[in-house]
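Numbered from 1 within each chain, the chains take letters A, B, ... in sequence-line order.
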2 protein chains.
Amino acid sequence: MTTSDGAAFRQVLDNLGRAIIDGRMAAGDTDTVDAIVARSGASRPVVREATRVLVSLGMLTAGRRVGLRVRPRAEWDLLDPQLIRWRLASPDRETQLDELRGLRLAVEPEAARLTAIRGIGAEELSGIADQLERSTLERDGPAFLDADRRFHALLLAAAGNGMLARLRDVVDEALRERTPGDPAHWQAAPGDIALHREVATAVAARDAERAAVAMRRILAT
Amino acid sequence: MTTSDGAAFRQVLDNLGRAIIDGRMAAGDTDTVDAIVARSGASRPVVREATRVLVSLGMLTAGRRVGLRVRPRAEWDLLDPQLIRWRLASPDRETQLDELRGLRLAVEPEAARLTAIRGIGAEELSGIADQLERSTLERDGPAFLDADRRFHALLLAAAGNGMLARLRDVVDEALRERTPGDPAHWQAAPGDIALHREVATAVAARDAERAAVAMRRILAT
DNA sequence: CTTCTTGAATAGTATGACTATTGGAGGCAC
DNA sequence: GTGCCTCCAATAGTCATACTATTCAAGAAG
């Protein structure tokens with residue numbers, strides 16, 4: 001296992017990242033490499049590497065004589081999966097989930113439109129819709145969620161836009177958060193499945209508008 | 001000036017990033033820290049810090065005994081502004097611009113919709129539309145482009161979604177690429193300005209659908 | 001042919017020293 | 001008093017070196 005490799009680095013990075021995200025280090029606060037070394041017990045190279053990453057994520061600036069300064073939230077790279085994970089494990093959790101929903105509502109209908117225009121992946125989408133139906137009949141929660149994830153991931157990938165495809169990993173962070181076993185879920189499932197099928201058939205028919213509308217309805221649920 | 005601070009680190013990071021982006025180091029290729037140290041002339045800590053950042057950007061994996069391995073493109077953090085800049089300076093440039101257009105087409109109409117629902121920023125949007133008109137009358141290209149950037153940035157910020165707001169910096173990379181002075185531009189400007197006004201008034205009227213449609217038409221140009 | 005052992009390659013970690021930059025304090029001129 | 005200049009000290013940046021831990025792969029053993 002890789003449990004203990006790069007552990008020092010990861011832990012320092014994680015601690016700093018979390019401290020900034022949840023406001024224990026607020027925007028404008030300063031700190032120094034040496035202070036972090038002393039606090040964390042890690043060596044200087046490790047701390048420096050961690051701060052470099054945080055600088056690259058827009059969370060810190062580093063200046064001689066000034067030390068490390070926390071940047072305002074507006075400048076953080078909120079689309080980085082690592083940051084999303086930190087936010088999901090912070091008091092910001094609900095906000096992060098809301099924002100992910102908003103982002104999906106913006107991006108996925110358009111991805112469905114593009115995929116329909118390209119007419120790509122219709123068969124796979126239809127196959128995944130079958131799996132959605134099967135897992136519903138069998139009341140197999142994990143299988144349902146997994147199929148759902150693959151459906152949306154495939155759609156984003158098939159749009160032929162690398163940046164949209166990248167959002168797959170971003171929204172995946174949200175989808176991974178869902179837990180199976182909600183009884184109310186199975187009642188809503190039939191309509192949900194029908195909408196997924198609608199997307200698949202619209203893509204097969206290259207009907208961009210229909211695909212986008214159906215996808216929007218899926219996400220509006 | 002900060003011209004020469006962190007120069008060693010930045011240069012190593014830039015060289016490696018560019019080499020990966022433009023395929024001189026292809027997916028699956030391996031390299032070692034020591035080799036990079038030898039090639040670049042920089043010290044080990046500097047090279048290590050750069051590789052840490054590239055790992056965090058999803059472009060590299062680091063393993064003992066294996067060294068550094070370039071990850072496939074699908075796993076790169078294509079939404080990171082730094083990566084976008086690298087792509088814009090690579091043979092991938094046109095693809096990157098296309099993808100940015102696609103992303104805007106997905107995100108900005110939805111941002112307009114959300115902003116309209118919240119009814120926020122209508123006055124500022126209207127003011128920027130005025131500036132668009134004024135700069136058109138005066139044939140002031142840079143002023144026009146700047147106002148246009150501020151219009152779209154404000155709209156993304158006003159949607160109240162941090163992740164959407166973050167996309168402002170992402171699309172800004174594209175908007176910065178435009179050059180003023182295209183004569184054909186001024187002929188299209190009146191319609192463009194009218195659409196911007198339409199967005200502003202729709203936001204003021206809290207008419208989400210109208211705002212989204214107008215924004216979509218702006219981007220479809 | 002398969003499985004285990006062993007070794008070498010390589011990233012990870014640590015330490016210490018030196019350099020360069022820069023913000024601020026204190027002094028100096030006006 | 002005010003504003004400018006000088007100098008100093010704090011701090012990140014850079015470098016060299018050594019040691020540790022991990023892991024792949026070759027070779028040995030069965």
Side-chain angles (χ1 to χ4, degrees), chain A residues 1-17 19-20 25-72 75-76 82, chain B residues 1-17 19-20 25-72 75-76 82:
Chain A
M1 280 300 292
T2 334
T3 333
S4 65
D5 196 18
F9 168 77
R10 241 194 328 267
Q11 189 162 4
V12 170
L13 178 60
D14 231 58
N15 284 341
L16 284 176
I20 296 173
M25 293 177 65
D29 285 1
T30 62
D31 205 339
T32 72
V33 170
D34 285 338
I36 299 171
V37 167
R39 281 205 314 267
S40 66
S43 69
R44 252 167 48 120
V46 164
V47 172
R48 279 189 54 79
E49 286 164 17
T51 58
R52 284 287 201 202
V53 170
L54 290 170
V55 167
S56 124
L57 291 176
M59 299 171 74
L60 287 180
T61 58
R64 286 178 144 125
R65 171 85 190 188
V66 228
L68 308 165
R69 170 171 271 120
V70 178
R71 296 178 73 181
E75 294 168 12
W76 299 350
Q82 174 64 80
Chain B
M1 280 297 291
T2 334
T3 330
S4 65
D5 196 19
F9 167 78
R10 240 192 330 263
Q11 190 162 4
V12 170
L13 178 60
D14 231 57
N15 285 341
L16 285 175
I20 296 173
M25 294 177 64
D29 286 2
T30 61
D31 205 340
T32 71
V33 171
D34 284 339
I36 300 170
V37 166
R39 283 205 314 267
S40 67
S43 68
R44 247 165 65 99
V46 164
V47 172
R48 280 190 52 79
E49 286 164 17
T51 59
R52 284 287 202 202
V53 169
L54 290 170
V55 167
S56 124
L57 291 176
M59 299 171 75
L60 287 180
T61 58
R64 285 178 145 125
R65 172 84 191 191
V66 230
L68 308 165
R69 170 171 270 120
V70 178
R71 298 177 72 180
E75 294 168 12
W76 299 350
Q82 174 65 76

(message) Could you report the tightest heavy-atom contact between B:S40 and B:V47, atom names first, then the distance?
(response) OG-CG2, 4.0 Å
(request) Taking only the side-chain heavy atoms of A:R64 (C-beta and beyond), determine which of C:dA20, D:dT14, C:dG12 contains the nearest atom. (result) C:dA20
(request) Counting heavy atoms from C-beta on, name the nucleotide in C:dA14, D:dA12, D:dG13 closest to the side chain of B:D5. (result) D:dG13
(request) Find the distance between CZ (A:R52) and OG1 (B:T51) and round it off to the nearest 0.5 Å. (result) 11.5 Å
Tell me whether the side-chain N or O atoms of [X] pair up with the base of [N] as donor and acceptor below 3.5 Å, since no angle test is needed here.
| X | N | answer |
| --- | --- | --- |
| B:R44 | D:dT14 | no |
| B:R10 | D:dG13 | no |
| A:R65 | D:dA12 | no |

(message) Measuring only between side-chain heavy atoms, which start at C-beta, is A:L68 closer than 4.5 Å to A:M25?
(response) no
(message) Are the side chains of B:V53 and B:E49 in contact, using a 4.5 Å heavy-atom criterion?
(response) no
In whole Å, I'd like the distance from the [atom1] atom of [X] to the [atom2] atom of [N].
| X | N | atom1 | atom2 | answer |
| --- | --- | --- | --- | --- |
| A:I36 | D:dA10 | CD1 | P | 18 Å |
| A:R69 | D:dA10 | CZ | P | 17 Å |
| A:F9 | C:dA14 | CZ | P | 13 Å |
| A:R48 | C:dG16 | CZ | P | 17 Å |
| B:E49 | C:dA11 | CD | C1' | 15 Å |
| B:D34 | D:dA18 | CG | P | 14 Å |

(request) Answer yes or no: does a side-chain N or O of B:S43 lie under 4.0 Å from OP1 or OP2 of D:dC15? (result) yes
(request) Could you check A:V66 against A:P45 and say which one's nearest nucleotide on DNA chain D is further toward the 5' end? (result) A:V66
(request) Indicate, with a heavy-atom threshold strictly under 4.0 Å, whether B:R52 touches base, sugar-phosphate, or nothing. (result) sugar-phosphate
(request) Hey, which sits more toward the 5' end of DNA chain C by its nearest nucleotide, B:G63 or A:G63? (result) B:G63
(message) So does B:V46 get a backbone contact from the side chain of A:R48, meaning a donor-acceptor N/O pair under 3.5 Å?
(response) no
